[in-house]
Structure formats: structure tokens, C-alpha cells
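Just so you know, these numbers come straight off a predicted model, no measurement behind them. Indexing begins at 1, ligand by ligand and atom by atom, following the structure's order.
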Amino acid sequence: MPAPRQFLNYVDANANNFIKRLADAVAIPSVSGDASYRPDVFRMAEFLEKQLKSVGCEVRPVPLGKQVLDGQEIDLPPALLASIGNDPSKKTILCYGHFDVQPALKSDGWDTEPFTLLVDEKTGRLIGRGSTDDKGPVLGWVNVLQAHKELGIPLPVNLKFCFEGMEENGSEGLDGLIEKEAQKGGFFEGVDAVCISDNYWLNTRTPCLTYGLRGICYYKVTISGPARDLHSGAYGGTVYEPMTDLIQLFSKLVTPTGKILIPGVNELVAPLTDEERERYEKIDYGVEDIEESVGAQIAISEDKAEVLMARMRYPSLSLHGIEGAFSAPGAKTVIPAKVSGKFSIRVVPNQTPEQLDPLVSRYLEFEFAKLLSKNKLSVESLHGGKPWVADPNHWNYVAASRATQAIYNLEPDLTREGGSIPVTLTFAEQLGVNVLLLPMGRGDDGAHSTNEKLDRSNYIEGTKLLGTYLYEVGAIQKD
Ligand SMILES: C[C@H](N)C(=O)N[C@@H](Cc1c[nH]cn1)C(=O)O
Ligand SMILES: [Zn+2]
Ligand SMILES: [Zn+2]
């Protein structure tokens with residue numbers, strides 16, 4: 001069933017108000033991974049609560065307890081559980097999204113202030129941290145509700161929302177809430193399917209529906225030795241240096257062509273079938289797409305299917321940074337006393353964090369012993385999440401495919417995503433329903449990167465897509 005024309009017209013007529021809403025959200029620097037921004041994550045929860053109430057939702061902010069971050073015990077931001085509609089003859093869709101963002105500083109290399117949305121009239125880009133990940137998509141749902149409220153038209157389905165403020169840091173506290181509310185009489189009772197808009201098209205032209213995500217195992221490796229930072233002129237050559245040990249260890253994790261060197265990790269990957277390989281061949285994608293989105297000709301393979309599989313169905317190991325290392329401008333001649341290297345492994349079926357954690361710790365300890373260093377090593381898992389794969393033939397995907405064709409006049413690609421949203425699997429397992437990823441943004445949006453953007457057309461057409469998807473769900477008979 002197509003969405004009513006008046007809904008689509010309303011979205012076009014209110015595009016500038018919707019962009020203002022996104023600008024207001026981007027202006028709140030809700031960085032979940034840095035304790036000093038925690039009040040802003042709370043402010044963002046309050047902003048979203050108000051927005052949801054203003055468009056007719058009942059909203060319950062749920063406290064999620066405390067966490068230890070940067071050595072301090074602080075409150076976790078609340079999850080927002082919201083709902084609208086309770087008609088037993090209609091299907092109930094649960095929409096999940098997150099209102100926290102990755103860190104961003106102008107000095108990271110942004111061309112503009114990351115927390116001030118720049119509306120670039122020439123390119124149509126809406127540039128700002130969180131524009132595509134995930135404030136644009138979350139507000140897309142609010143826009144859909146506003147249109148229905150203002151136009152006085154009933155929603156085609158009942159809606160429940162679960163929005164969190166810790167997704168970029170392992171969704172701490174959320175699994176427990178989902179487990180509790182999935183019980184009989186809980187908030188999630190009666191949900192027929194889940195829709196998550198928190199990923200991107202593969203390229204800049206073809207919409208997609210996503211039926212898989214990689215999981216993640218995130219590690220912190222700390223090497224400590226001297227009681228304090230040292231002068232390299234006075235002590236260089238006389239003591240074991242933590243940073244030298246760490247760089248040695250990091251060089252043992254992965255090769256420059258991406259081969260993971262930790263024994264046992266690659267062996268756990270589910271074997272590739274011919275039929276599965278063919279699926280990658282069919283996707284509208286070329287090596288030039290990845291090179292365009294990263295802004296350089298640095299793809300590891302020239303084979304399109306290999307590149308896609310490297311992103312979607314094989315694990316990868318990335319080195320992220322070193323806490324405690326000298327990183328400011330200038331030429332400080334310091335020997336850092338304690339350094340913590342951070343890396344993560346994106347995991348795929350049949351790998352789990354429970355299997356990988358001991359393999360990683362044992363290997364690092366083994367390689368560290370070989371250095372014969374007198375420094376100390378510790379390995380911590382910061383967070384872990386399993387991979388997820390869904391059935392893309394389910395009615396939830398049929399509805400999303402019809403909606404995509406209605407809005408974009410294109411058949412969507414079926415993709416798996418290289419990123420991780422660990423809570424997806426929790427919803428699938430706890431609620432026992434199909435989960436769909438319906439992206440709003442494009443492959444070159446630069447989520448987590450500098451100059452993150454969402455194209456105006458993706459925000460506006462994406463709002464129409466979310467609304468139209470609800471109509472297509474509503475048109476499928478409730479069983
Ligand atoms: C795909 C989603 N938009 C996303 O960016 N997820 C993050 C989740 C995460 C896990 N650890 C830290 N962040 C990601 O895939 O990096
Ligand atoms: Zn996200
Ligand atoms: Zn993200």
C-alpha cells in the first residue's frame with residue numbers, strides 16, 4: 001500500500017523544519033566515550049524525549065545504572081522507551097536507534113565546527129557529527145510522526161521505540177533492559193518485527209537493505225614500566241621502553257594486507273559457498289566506490305567480490321590508537337611510562353567474543369614473553385558483541401524493498417554491514433522476531449570520520465522511506 005500523497009508532500013514542504021531539528025540535535029555533543037561529555041548525552045536524551053512527546057508518543061526514560069569510565073564511576077545515560085498506537089488489528093514495529101555520537105574535534109581535521117550543522121547549499125550536504133550516525137535517522141522517525149500528527153492521519157502500524165545513548169561504546173546496560181522488557185507483560189511484548197536505521201548504502205547511488213552485521217571484540221593492551229615519564233636523553237638505551245614493546249606487539253597482530261596473525265581466529269570463520277560468492281558478484285559496487293568514499297586509491301584488492309567479502313563476511317583487525325603516547329605538535333623527548341594500545345577485531349559467523357578473548361590474551365602474552373622485556377603487560381577486553389545475520393526473505397524485508405522501490409524507483413541491494421550494532425542480535429534472540437536494517441545515508445557519509453555528513457536528499461527521501469515502509473508493513477496481513 002503506497003504512503004498517502006499528503007504525507008509525502010508534507011515531508012517536502014517541511015524539509016527546512018526537519019533540517020532545523022537535525023541542527024538542534026547535532027549542536028548537543030553527546031559523545032558517549034568521554035566522561036566529560038556525559039552531561040551532554042543526558043541533555044540529548046532530554047531533547048529526544050521532548051521531541052517524541054511533542055509528536056504524540058508516550059515516553060519512559062529508563063535509568064541504566066552506572067559505569068566506570070576514565071577511572072570515574074558515572075551514571076549511564078537513560079534508554080528511552082516510547083510508544084504510539086495500540087491497535088490489536090495492526091502490526092507493531094519496534095524502531096531502534098542511538099542518540100550518542102563518536103568524539104569529534106575541529107583539530108582532528110574537520111573543515112567546519114563538528115557540532116554546528118553546516119547546510120552546504122551547493123552540494124546539498126548536511127555536515128556535522130551525528131548527522132548520519134545516527135541522529136538523522138532517529139529524527140527521521142520523529143519527522144514521520146510529526147507529519148501524521150499534523151495531517152491528522154492515523155499511523156498504519158503501532159510503533160515502539162528504543163533509543164539509547166551508549167551505542168558507540170558497547171551499549172552498556174541495554175542488553176539487561178531488553179531481556180527484562182522482552183518478558184511477558186514487558187514493554188516489547190507484541191512486537192512483530194524490528195527496524196533499525198543505523199547504517200549506510202554501500203555506494204552513493206543504490207539504496208540497500210542490510211541483513212547482517214559483523215560483531216566486535218575491542219581490546220586495550222597496557223604496557224607499563226618506569227614509575228614516571230622519563231627524559232630520553234638521560235634514560236634512552238638504559239631501560240626497557242613501554243612504547244617500544246607495544247609497537248613490537250602491535251606489529252604481530254595484522255599484516256599490511258589485512259591478514260590477522262592471531263592463531264585460531266581465521267579458523268573459526270564459516271566456510272564460503274559458491275552460492276554466497278555469487279551474491280556478492282550481483283551487488284552494485286566497484287572498487288572505485290570504496291576508493292571514492294575513502295578519498296584515496298588504496299583498496300587492498302582489485303576484485304569487487306573480494307572487497308565486499310572483506311567488509312561483510314570476513315573478520316578484520318584494526319589498530320585504533322595509543323593512550324599515554326606523546327601526540328601533540330612539537331618534538332618532546334619523552335619516554336612515556338605507561339602506554340595503552342587499542343585495537344579491535346570485527347567478528348563474523350561463527351566467531352564469538354567468548355572464543356576470541358582467550359586466543360587474543362594468550363597470543364599477546366606469548367609474544368610479549370618473547371621480547372624478554374622487564375615491563376608489565378595487561379590485556380583487557382573493553383567490549384564485545386556477536387555477529388548477526390537475518391532472513392532477508394521475511395515480510396519485514398519485502399515491505400522495506402517495496403518502500404525503497406516506491407521512493408527511489410530502484411530495487412535495493414541486499415547487503416551485510418561491516419560495522420557492528422551488538423544490540424541487533426539481542427533483539428533478534430530475546431524478541432524472537434525478524435530484524436531489518438533500513439539505512440538512510442550513503443556510503444560516502446564518513447560516519448566516525450571527519451566532515452561526517454548526510455545528504456539533504458537522503459534525509460528527506462529517507463524520512464519518506466521510513467514512513468512508506470510502515471505503510472508497506474501495514475499492507476501485509478497480520479498473522
Ligand atoms: C554501524 C553503527 N552505525 C556503528 O557505527 N556502530 C559502531 C559500534 C561500536 C562498537 N564499538 C564501538 N562502536 C561500530 O561499528 O563501530
Ligand atoms: Zn550508529
Ligand atoms: Zn557509529
Fill in the blank from the handout: heavy-atom search around atom 9 (C) of ligand 1 in the protein gives E167 O, 3.9 Å
Exercise for the section: Assert yes or no for the condition that the ring centre distance of F343 to Y219 is strictly below 6.0 Å. Expected result: yes
Problem - Presence of salt bridge, D75 and R38, under 4.0 angstrom - result: no
Practice task
Classify the contact between I421 and ligand 1 as side chain, backbone, both or neither, using a heavy-atom distance cut-off of under 4.0 Å.
Solution key: side chain
Exercise for the section: Could you tell me whether W110 and F115 have their ring centroids closer than 6.0 angstrom? Expected result: no
Problem - salt_bridge(E113, K106) N-O dist < 4.0 Å - result: no
Practice task
Would you please determine whether N199 falls within less than 4.0 Å of ligand 1 on a heavy-atom basis?
Solution key: no
Completion exercise
Under 4.0 Å from one or more heavy atoms of I216, ligand 1 contributes atoms 10 (C), 11 (N)
Problem - Shortest-distance N, O or S atom of D198 relative to the Zn ion (ligand 2) - result: OD1
Fill in the blank from the handout: re atom 1 (C) of ligand 1, the protein heavy-atom contact at minimum distance is D198 O, 3.5 Å
Practice task
Look at atom 12 (C) of ligand 1 and say which protein heavy atom is nearest, naming residue and atom and giving the distance to 0.1 Å.
Solution key: E168 O, 3.1 Å
Problem - Aromatic centroids of Y211 and Y397 separated by under 6.0 Å - result: no
Completion exercise
If you compare H320, H448, H383 by their heavy atoms, the one closest to atom 10 (C) of ligand 1 turns out to be H383
Exercise for the section: May I ask you to check if any N/O/S atom from H98 comes under 2.8 Å of the Zn ion (ligand 3)? Expected result: no
Exercise for the section: Could you tell me which atoms of ligand 1, counted from 1 in the order shown, lie closer than 4.0 angstrom to a heavy atom of D133? Expected result: 3 (N), 5 (O)
Exercise for the section: Check whether the side chains of S381 and K220 place a donor and an acceptor atom closer than 3.5 Å, and report yes or no. Expected result: no
Practice task
Inspect the contact between E181 and R60 and indicate whether a charged nitrogen and a carboxylate oxygen are less than 4.0 angstrom apart.
Solution key: yes
Handout entry: cation_pi(K135, F99) dist<6.0 Å, angle<=45
Key = no
Practice task
Measure from the Zn ion (ligand 2) to each N, O or S atom of E168 and report whether any distance is below 2.8 Å.
Solution key: no
Exercise for the section: Look at the N, O or S atoms of D134, main chain and side chain alike, and state whether any lies under 2.8 Å from the Zn ion (ligand 2). Expected result: no
Exercise for the section: Verify the ring-centre separation between H383 and Y218: is it less than 6.0 angstrom? Expected result: yes
Handout entry: Name, closest N/O/S atom of D133 to the Zn ion (ligand 2)
Key = OD1
Exercise for the section: Please state whether D134 comes within less than 4.0 angstrom of ligand 1, counting heavy atoms only. Expected result: no
Exercise for the section: Mark up the atoms of ligand 1 that fall under 4.0 Å of a heavy atom belonging to Y200, in ascending order. Expected result: 3 (N)
Problem - Nearest candidate to atom 14 (C) of ligand 1, where distance is taken over non-hydrogen atoms, out of R214, R346, Q102 - result: R346
Handout entry: D120 and R456 ion-paired at < 4.0 Å
Key = no
Problem - Note: E323-K342 ion pair, threshold 4.0 Å (strictly below) - result: yes
Exercise for the section: Pull out every atom of ligand 1 sitting under 4.0 Å from any heavy atom of G419, numbered as shown with elements. Expected result: 15 (O)
Fill in the blank from the handout: shortest atom 8 (C) of ligand 1-to-protein heavy-atom contact is with S420 O, 3.2 Å
